[in-house]
Amino acid sequence: MLDIRLFREKPDYVKERLATRGGDFAALVDEVLSIDKDRRAAETENQKLQSDRNRISKEIGFAKKQGNDTSAIEAEVRGIGDRIAQLGKEAEALDVKQRELMLGIPNLPHEACPIGHSAEENPEVRVWGEKPEYAFTPKDHTVLGAEHGLFDFEAGAKITGSAFVVYRGLGAKLERALINFLLDLHTTEHGYTEVGVPFLVKADSLVGTSQLPKFEDQLYRCDRDELYLAPTAEVPVTNLHREEIVKLEQLPIQYAAYTPCFRREAGSAGLGTRGLIRMHQFDKIELVKITTPEASMEELEKLTANAEKVLQKLGLHYRVIELCTGDIGFGSAKTYDIEVWAPGQNGYLEVSSCSSFGDYQARRMNLRFKDEKGKNTFCHTLNGSGTALARLYVALLETYQQADGTIKIPDALKPYFGKEVIG
RNA sequence: GGAGAGGUGGCUGAGUGGUCGAAAGCGACGGUUUGCUAAAUCGUUGUAGGAUGUAAAGUCUUACCGAGGGUUCGAAUCCCUCCCUCUCCGCCA
């Protein structure tokens, strides 16, 4: 959520920054300001009446103690009470409306975020490694998976539906090996604390990290218990500190978590036609940081480097791109995407998206710290995949396939997988 | 799922209708004193809004005692609903 005071003080700046995302937010900003003005007027009047009532009620208390008759004055206050109730309702309605609108307004892109209209304008930041060369035509991971019996889409479809998969045998073990390898890497080399969190979350948590109210369609919901399946560990992990005032010495807080992620992918064309690349359920290691405003940009660089380390250790070619203002996510102020090369796809796959949200999420979830002067200040929140598993799995199979049809396991993973080769 | 107990400020913990935003203690911060890994003493110490005003401050005011609703001139206190925690029982990986 954005700061309403910024709207009041610099409405043109807010409109201008929002416009870089594409679309016209000017009317919406004006509407919010208009409601804000009415809301404050109603509140001010209401508070004046409340003040009157408090004063007179005290007088009644005194009078009664002295045994005086107070029925006349009580009747008068009763009238004030009615007006307070009415004005209170008006102010409440305006407040609800204002909050609703504010929750639907995306974050302002950071000044450092490149201006652009769409994904085509995302600048490439750096490239690591090179596209591997093969003396044969590299196979798609679905072919490799079928040949070695690693995973089974038909079984997934039978027990749940399309775009769900069952891993089997070494295929299942490879997934587990990756999870352990990644968690160990981030906790022992990068200073993150591992957390195991619930996969089901309440609506408040989703509002906090800005999946709700705007992206309800993308979420699996359990109506009976008013819970949602987490679409990313960002939700339960960042919300660990919702409604808290953390100590300055605690920052930066750094968490790493493994969770499955559940996404309805409503409106996605071609879902299920590309193997493991886009699934309704996939595993992910998520990195979350909570920092001071001063440190957040530097921490974003570190976070991205931590995610890149995964691909470096596994010897996978990748590139880092920076998302332009027209392509960054709803709550993000600045985002790097890491894309790994998948030879069987002859293309790059997004395996990590590392973002700084500034204080946007922190405002939504009321997450603050006490600064040097003892003032409560909103934290900055960041997160990034470190990394998504299914696509990493795809890149791994496709990159390390051999002419004889076997698949090599990179050195870093061998201790976790227990074998040097599949097949 | 059943029975009981309970949720008050950073913590402990008083407070059952009116000068209660809330005693006391602890902690923290500041001062004084003494002096040595400390004690004594005095003071300060919640959050979020609104109005006014500003260089900053200040002043006035509202709300908040788990959440929401109700009764009342007036609610931490009475009533209702819900949430959470603890203990015991049941069930269970």
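Basis for what follows: all heavy atoms, side chains included, without hydrogens, waters or symmetry-related copies.
Remark: A:E59 engages A:R55 in a salt bridge (Lys or Arg N to Asp or Glu O under 4.0 Å) (not counting sequence neighbours). Partners of A:E322 according to the side chain to side chain donor-acceptor pair (under 3.5 Å) rule, which considers only residues two or more places apart in sequence or in another chain, are A:K334. For A:K64, the side chain to side chain contact (heavy atoms under 4.5 Å, CB included) criterion is met by A:I60, A:T70, A:E74, not counting sequence neighbours. In terms of the ring-ring contact (aromatic ring centres under 6.0 Å, His included) criterion, residue partners of A:H190 (sequence neighbours excluded) are, by chain and number, A:H186. With sequence neighbours left out, A:F164 forms a ring-ring contact (aromatic ring centres under 6.0 Å, His included) with A:H280. For the ring-ring contact (aromatic ring centres under 6.0 Å, His included) test, no residue two or more places apart in sequence or in another chain qualifies with A:F7.
In 5' to 3' order, the nucleotides of RNA chain B bounding all contacts with chain A (an atom under 4.0 Å from a heavy atom) are B:G18 to B:G74.
Across residues 34-48 of chain A, A:R40, A:E43, A:T44, A:Q47 each have a non-hydrogen atom less than 4.0 Å from an atom of RNA chain B (numbered order).
Applying the salt bridge (Lys or Arg N to Asp or Glu O under 4.0 Å) rule to pairs touching residues 189-206 of chain A yields A:E189-A:K313, sequence neighbours excluded. Within the structure, salt bridge (Lys or Arg N to Asp or Glu O under 4.0 Å) contacts touching residues 144-170 of chain A (residues at least two apart or in different chains) are A:K139-A:E147, A:D152-A:R168. Residue pairs meeting the salt bridge (Lys or Arg N to Asp or Glu O under 4.0 Å) criterion with at least one partner in residues 282-293 of chain A, sequence neighbours excluded, are A:K284-A:E286, A:K289-A:E299.
Between B:A14 and B:G6, the distance separating the two P atoms is 12 Å to the nearest Å. A distance of about 15 Å separates the P atoms of B:G46 and B:G21, rounded to the whole Å. Rounded to whole Å, the P atom of B:A67 lies 34 Å from the corresponding atom of B:A56.
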Using a 3.5 Å limit on both pairing distances, list the dot-bracket string of RNA chain B from the 5' end; Watson-Crick and G-U wobble pairs count, crossing pairs take [ ], interstrand pairs take |.
((((((((.[[[..)..(.....]]]((((((.......))))))(((((((.....))))))).[[[[[..)....]]]]])))))))....
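Other residues, nucleotides and ligands contribute only 12 or fewer heavy atoms inside 6.0 Å of the NZ atom of A:K89.
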